[in-house]
Amino acid sequence: MMAEKTFSIHVNDRACKRCGICIAFCPKKVFSSENGKPVVTNLEACIKCKLCELRCPDYAIVVGGEENE
Amino acid sequence: MMAEKTFSIHVNDRACKRCGICIAFCPKKVFSSENGKPVVTNLEACIKCKLCELRCPDYAIVVGGEENE
Amino acid sequence: MNSKAILMQGNEACVEGAIAAGMRFYAGYPITPSTEIAELSAEKLPKVGGKFIQMEDEIASMGAVIGASLAGLKAMTATSGPGFSLKQENIGFACLTEVPCVIVNVQRGGPSTGLPTLPAQGDVMQARWGTHGDHPIIVVSPSYVKEVYELTIRAFNLSEKYRVPCILLMDEVVAHMREKVELPDPSSIKIINRKKPDPTIKEYEPYKDCDGDGIPPMANFGEGIPFHVTGLIHDITGFPSTSATVTEALITRLMKKIYDNLDDILDYESIFTNDADTVIISFGSTARSVMRAVQIMRREGQKIGMLRLKTIWPFAHRAIQELSSQVKNLIVAEMNFGQLVEMVKASAEGRFYVAGINKFNGELIAPNEIISRTREVRSRA
Amino acid sequence: MNSKAILMQGNEACVEGAIAAGMRFYAGYPITPSTEIAELSAEKLPKVGGKFIQMEDEIASMGAVIGASLAGLKAMTATSGPGFSLKQENIGFACLTEVPCVIVNVQRGGPSTGLPTLPAQGDVMQARWGTHGDHPIIVVSPSYVKEVYELTIRAFNLSEKYRVPCILLMDEVVAHMREKVELPDPSSIKIINRKKPDPTIKEYEPYKDCDGDGIPPMANFGEGIPFHVTGLIHDITGFPSTSATVTEALITRLMKKIYDNLDDILDYESIFTNDADTVIISFGSTARSVMRAVQIMRREGQKIGMLRLKTIWPFAHRAIQELSSQVKNLIVAEMNFGQLVEMVKASAEGRFYVAGINKFNGELIAPNEIISRTREVRSRA
Amino acid sequence: MGERTEIRLSGSGGQGLILAGIILAEAAILDGKNAVQSQSYGPEARGGASRAEVIISDSPIDYPKVMQPDILLTLTEEAFVKYKDNIKSNGIIIIDSSIRKSEPPVKIVSLPIIETANKSVGKVIVANIVSLGALIAVTKIVSKKSIEEAVMDRVPKGTEELNRKALYAGFELGEFQQKQYKNK
Amino acid sequence: MGERTEIRLSGSGGQGLILAGIILAEAAILDGKNAVQSQSYGPEARGGASRAEVIISDSPIDYPKVMQPDILLTLTEEAFVKYKDNIKSNGIIIIDSSIRKSEPPVKIVSLPIIETANKSVGKVIVANIVSLGALIAVTKIVSKKSIEEAVMDRVPKGTEELNRKALYAGFELGEFQQKQYKNK
Amino acid sequence: MRKELEKYFRTEKLPHIWCPGCGHGILTGAVVRAIDNLKLDQGKICIVSGIGCSSRAPGYLNFNTLHTTHGRALAFATGIKLAKPELKVIVLTGDGDCAAIGGNHFIHACRRNIDITTVVFNNNIYGMTSGQYSPMTPQGAFATTAPYGNIDRSFDLCKLAQSAGATYVARGTVYHIPQLIKLIEKALLHKGFSLIDAISICPTYFGRKNKMSSPVRMMEFIKDACIPAKNAEKLTKEELAGKIVIGEFYEEFAPEYTEEYAKVIEKAREGK
Amino acid sequence: MRKELEKYFRTEKLPHIWCPGCGHGILTGAVVRAIDNLKLDQGKICIVSGIGCSSRAPGYLNFNTLHTTHGRALAFATGIKLAKPELKVIVLTGDGDCAAIGGNHFIHACRRNIDITTVVFNNNIYGMTSGQYSPMTPQGAFATTAPYGNIDRSFDLCKLAQSAGATYVARGTVYHIPQLIKLIEKALLHKGFSLIDAISICPTYFGRKNKMSSPVRMMEFIKDACIPAKNAEKLTKEELAGKIVIGEFYEEFAPEYTEEYAKVIEKAREGK
Ligand SMILES: Cc1ncc(C[n+]2csc(CCOP(=O)(O)OP(=O)(O)O)c2C)c(N)n1
Ligand SMILES: Cc1ncc(C[n+]2csc(CCOP(=O)(O)OP(=O)(O)O)c2C)c(N)n1
Ligand code: SF4
Ligand code: SF4
Ligand code: SF4
Ligand code: SF4
Ligand code: SF4
Ligand code: SF4
Ligand SMILES: [Mg+2]
Ligand SMILES: [Mg+2]
């Protein structure tokens, strides 16, 4: 799920409850849904607004790639 | 306690608790205090505003002389 | 409603029974595991022209129920432990002012928030003693869904007849279980309504025992006979009094309403008690476990009987005192740490050995637990 | 405070005792006949750096008291019947979460608003069973103004020692009476403070029975060891659990804290019971009438004894069971319709004839009433 | 008067009889005795009849209420009528002289208490203290020294002299009466 | 299977097993039997494990909980692991074929219930009804007629056909398996 | 008492228990006069109170009357009104009864806009229990439980009611009786929840603790502190400190609760 | 989870019990981020809740935490704060917990201006008990106890708080998280009673009953309904119908309760 070396968006799959919020409300449509599961498919577009991280009800997203799952 | 034939102010002595409100706040100072007991001593001055009647906490005053004690 | 056999939940049977009994007002505040009673009342009451209101809390609910009853509607509220605790002050008001009403308490695990979704029978003593001061109260407790229906009607009837709050004390098992029931033909249901004063009466004395039965006729607010109601000790006119004589007369009448009518109010089922050496006493869902255990033990030839209390308060002292002298042991099975067992001990007066089977872990007592405890008790040295 | 003899009111002695015991927080809502306790606390607490707050109602008062105790202050509230009913839900919270606190109930005539200025002992059963679910609680009841002082201290001590709410159950007579007292030298008063956890502890498990005495050490909020408190059934870590094993273990421990320490908790006074054929059981102000009656009857050569309960709950079964076999009759004198008498019956197990003297008209039972009832009981066929 | 002396002070709310009861009990304690003071509250705790009770004894006091007073003081007719019949046969009733005494069941001492407070002392509100003085002079139930100390302890700052005067006026009333009684 | 048959339906919240339990109990009633249905709630009443219990009997049902099921249906591995060991020795376990069956203690019937719902019927949410069909085909605990009536009574308006299809698909699954079993 | 008012009183219960000069007697008189002025059907009026000196008022009034538990008058009243919407339901309550223990029922009754007229006998103290501070006791005032001066801020009950949803809100006083009667009349005619914050006086406790133990002194205090709502609008917060603003504050016509519930019944009977 | 936030959570308790897409998880994250931004002393923070889905939040947070009885969080919190004023006390509550059963404690805590920050997880429904209407459920919406549509009017909690005496009042939503975090920070720094009405979503019950059962649909609803406080000022009541006004509403600097009590202690010790 790493897309770049210096910058990444990490989705903790065990924590994610597939609510779809990150997918729907990313202003840049960075995520797509794989059977409800958010997958980063457009990392380049990300503007690092971190809204996805802030809005994830399950703290499953880290924008910036520091999470060590 | 009748001061005139056609108009009177009746104070029910048994009901009166001697609070002094009628005496103090009659705009025309119609009442005087006899050891706390209100006595009509200046009936002529009365302007029939009925404030004394309305403010008596014990419904002891009737302005207009209808009360039959 | 027809008399076809249908599957029905305990809480649903409560609402059906209440409406059949004439409930036309419900005020409540939701709480697990009683919530379905509120939800079904919200749906069904307006269909029969009744009123449902969700109040801001349980205290307000109890107040609204009393108000509605004074205004003439049969009224009910339902709750569980925490809400039942909150209602106590106003329940006491209804006891003293003799306002008919039904309070449902679907017991869950306590104390405090406890185990909201799991069963218990831990509010048995509270149902009798939860409000301050000496007061009369009737508490009934069903074991079957069908009986939820019947006892809800009975709760309304007793409440109207004796002008006393009546508590329907359920447990989560009975409330949430679905079971086959055949509801009776509505026309066959006996409904009791509060006694009204003679409408031509000159001086209505709302607390006067006109008929010598301890139960004053009750006017409704707004129906031509104005009167005063207070939670202070009052004389027969309904106005406050601090007289010792008045106080004693009032409290005595309130209590005698109940204690002089035990024949009518007490309701219990004795099974196999005639030749039993050991009788197991229980109520609510626990009685179903006891029933199974007793049947198993009887099949094995053991002389076990059971006493199932449907009226819990007033306590059926007499049912215990009338047990034959063949009985050696009484075992009280309750889903609590041991509550009603003290009452049984008080009634036993040393004539029987009294023991308890208690479970307070959020699970229904199982038949095999009853069987093994019974064995223990019967084989004690 | 010196040990000079002074005239002191019961409610005043309560506040003096509380402050001597270390009370530094009071939250309450005024109600007759307990109000002086609030008023004196408002005046005296800030003088010793303590806090007084008048809350919006009794529910809030009880909540604030628990909060303050969790934050480390010894806390008390005082009320009477209606307020005591309202506090019940939060009292249950304190029972389950094991938060020390003292609740004073100055009993007045009930039920409901009842007789606000007149005495009664009608909340005896409620003090034990007022909140829902199985729960531990300690209830003490003084008969003398001096004893109000002593038992208030004892209430704090028991509460801190066993981490259980302790109820000081007074009646209006004792609360409003003024009487000669000599207060002890402050340095001679034994004060017990809650057990604290080892401050160097790594993993604090707030409900772990570390010492095998059933009483977990208690940290205070904000003193370096964060922890979680909930009114749900919880495991030793303090977090919710619905496990049957956890539930059973928790409730059992809560109850055993009390029932394993009866030697320490029970407190009663036996007078002339050795050779008595009749023992009169009582508590609170009623015990003073009994004392007079017993003395009069003894002077007449009658073999009457008395048992005065200072700890009402847990109930002193043992005190009754240990009565000599010479005793034939137990008479329970209470200013209510008959409450504790059921417990006495349960303890008597048929060994004694049990009768009650009950008065519930807003007046203290008089010595001559006790004497004549005693005569009746002793001369029964 | 036996070891347990029961005293009832009765009148109407606002006459300060509860305070008088407290002072009397405190004086008894200063005398080294036991004392219990209690009062009855009406339903409203204001206005209406008022009643204070004091029990004084050398030994501990059990039953804390007055069963049958040894001493009854009443300042109003209403109270007198209500309480006069419940008194020990060797008891004594002290009444304000404004009260019409009907069929005296026991010894009655009628004294111009209110008048004394009003006229000699100058304030009707100290009638309670005048009463105390008179009561003690008549019954000797506590020492003069103790009652004076107790009065001084309890009355508001600045009113000490007024109250002392009232107390002494009471003593005098009572003593004068006692002398007359003996002389009879 | 004796006169009292205990059935446990287990899986995860949202799989509709409580509804399935209710329908099963209703079918039993339509068959003229007695039935009790109950369920366990988690602390939160949402998500997590879900369990419905049904007891069917010709005579009145006393103890209302399952002591040891005759029939266990599980749709998740978690539920299977949790419940598989508590079953009557002559009982039967019906599991979704996605579950790895470990040490079968009793007869196990593994059927592609979820797959059938998903693929053949077209909606995974009707897995509960497929389960019911299969369970009845395998155990004959209630009549097909009654279960069909009960299903039609309970399902939301407009979904009748979908659910009927699901029920029949379940029947087929179960019957096919039964035939195979007999043929073995 | 004036003849035509007698029928509204239980005259045999008079004199009432209130202290000499207690404002509650004045306010009770004002309520009765408003009812009389409107010629409302006496048999269809139900008066409900909680506990307190103020809450003793219904006992003197010859209607259907209910003296409930402390703080709960509005909860009981809600039950009565919903059960029998044809009744005119009036709640007479105290500042403690209504705003301390009863605060929640108060804001919720406001919110529902149920047709109940509430008159708060607001004497800024708990009278019945002998003078503890209430949520309406001014900051700095003394009370038996505020021996060092009250630090609690007080509610503006009118603002609170309005923000909670009440649709008629006004304040009057025991001094300004003719105006108060008019306000109560308007409240009684209003469809929906109406509040009259009626400033009362408790010479016995509030007065005595705050150097105004004579009724006259307390009346003067109120007279001096009051300013009409219109005038108040122009003043700053500082200028308003210590003032009592009187008059009408809010009036709105909004759906009433029991009427809305009647529609629910209709809907339910139609089968939704 | 972001590393630096881990210390604020009891990570071993995660995943939390909330449903997929439940707004309460988002709000809990916002509270933690506000605390982290301010670098408050973790050991001196005490978080208190009542009962409800929302009130489960403290259980996941690594502070002194207290899960009280339904509606009573502020009463307990008041005891804690007055007993130990050095603690930063935060109440996390639900719309039912705070405004239904807890309404009285709420208005009184506002009135006292005691230094407690209250964040209401306002999902307009009773989530925990499966979807009954709350005092914040919009009129006309459906709920399990409003099968014919809700006739109750709802509170404007911010208005209510302000009129009761709260000195910092703001509203944010689960959608507008960066703004919400700022508002919470400001509330935490404010001396006195501060309220954040934090609009949450309950897809499971509110959503399902009102044709918005997906979390995304509910978020969209909120997004569309919100307008900033500034813009709202210009709109009429009719134009505002159905809108959620967000932003800061009120800020006042007024004496704080525990500080005032400290003065009482001083006075008392001086012998008045
Ligand atoms: C549950 C409960 N708590 C407390 C009381 C005691 N109590 C009776 S009236 C009252 C306050 C009355 O104040 P308010 O409503 O302002 O009436 P007022 O007497 O001032 O007219 C209190 C605290 C009670 N009766 N019930
Ligand atoms: C005294 C009491 N009454 C009722 C309940 C049941 N109950 C628990 S939470 C709740 C409502 C919660 O609603 P809210 O505060 O909005 O929280 P949410 O679940 O929506 O987050 C209710 C009614 C209870 N636990 N205690
Ligand atoms: S917002 Fe969080 S829980 Fe929801 S889908 Fe995205 S990662 Fe999963
Ligand atoms: S940081 Fe902003 S732009 Fe990047 S993925 Fe998240 S929401 Fe989209
Ligand atoms: S106002 Fe009434 S009670 Fe007061 S003095 Fe005048 S007549 Fe008497
Ligand atoms: S009517 Fe007016 S002027 Fe006349 S006496 Fe009364 S108050 Fe005075
Ligand atoms: S105490 Fe105050 S409010 Fe009560 S009757 Fe007396 S003056 Fe009125
Ligand atoms: S029920 Fe609603 S509030 Fe509760 S966890 Fe689920 S979505 Fe959240
Ligand atoms: Mg007041
Ligand atoms: Mg909510």
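Proteins come first, then strands; the chains are lettered A, B, ... in the order of their sequence lines, and each starts at number 1. Below, all heavy atoms of this structure are taken into account, side chains as well, without hydrogens, waters or symmetry copies.
- Among the candidates Val344(D), Thr252(D), Val341(D), Thr247(D), the residue making the largest number of heavy-atom pairs closer than 4.5 Å to chain C is Thr247(D).
- Between chain C and the options Trp129(D), Phe93(D), Phe352(D), heavy-atom pairs under 4.5 Å are most frequent for Trp129(D).
- Only the side chain of Ile59(D) comes within less than 4.5 Å of a heavy atom of chain C; its backbone N, CA, C and O stay farther away.
- Between Phe337(D) and Phe360(D), the ring planes are tilted. Angles from 30° to 60° get that label.
- Each of Gly362(C), Pro111(C), Gly350(C) has some count of heavy-atom pairs under 4.5 Å with chain D, and the biggest count is that of Pro111(C).
- The choice from Lys345(C), Arg108(C), Gln88(C) that makes the most heavy-atom pairs within less than 4.5 Å of chain D is Lys345(C).
- With salt bridges taken as basic N to acidic carboxylate O contacts below 4.0 Å, none links Glu342(C) and Arg128(D).
- The candidate with the highest count of non-hydrogen atom pairs below 4.5 Å against chain C, out of Gly122(D), Gly110(D), Gly109(D), is Gly122(D).
- Here the NE2 atom belonging to His176(C) is positioned 11.0 Å from the CG atom belonging to Leu118(C), to the nearest 0.5 angstrom.
- Contact count against chain D (heavy-atom pairs under 4.5 Å) is highest for Gly231(C) among Ala249(C), Gly231(C), Ala348(C).
- A distance of 8.5 Å separates OG in Ser285(C) from CD1 in Ile365(C), rounded to the nearest 0.5 Å.
- Counting heavy-atom pairs closer than 4.5 Å to chain C, the top residue among Ala127(D), Pro240(D), Ser112(D) is Ser112(D).
- No part of Phe84(D) comes within reach of chain C, as not one of its non-hydrogen atoms sits under 4.5 angstrom from that chain.
- Judged by distance alone, the side chains of Asp134(C) and Gln339(D) do bring a donor and an acceptor atom under 3.5 Å apart.
- Across Cys95(D), Gly92(D), Ala120(D), Ser347(D), the residue that shares the most heavy-atom pairs under 4.5 angstrom with chain C is Gly92(D).
- Using modelled atom types, one finds no donor on one side chain facing an acceptor on the other under 3.5 Å when comparing Ser241(D) with Asp235(D).
- Between the side chains of Gln321(D) and His317(D), no donor-acceptor pair is found at a separation under 3.5 Å.
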Exercise for review: Could you go through the side chain to side chain contact (heavy atoms under 4.5 Å, CB included) check for Leu169(C) and Gln107(C) one step at a time?
Suggested key: CA-CA 7 Å; Leu169(C) 194 65; Gln107(C) 295 165 97; 3.3 Å; yes
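- Chain D forms more heavy-atom pairs under 4.5 Å with one residue of Gly83(C), Ser80(C), Gly114(C) than with any other, namely Gly114(C).
- Between chain C and the residues Val246(D), Thr97(D), Leu232(D), Asp123(D), the most heavy-atom pairs under 4.5 angstrom are made by Leu232(D).
- Both the backbone and the side chain of Glu89(D) have a heavy atom closer than 4.5 Å to some heavy atom of chain C.
- Between the side chains of Thr77(D) and Lys87(D), at least one donor N or O sits under 3.5 Å from an acceptor N or O.
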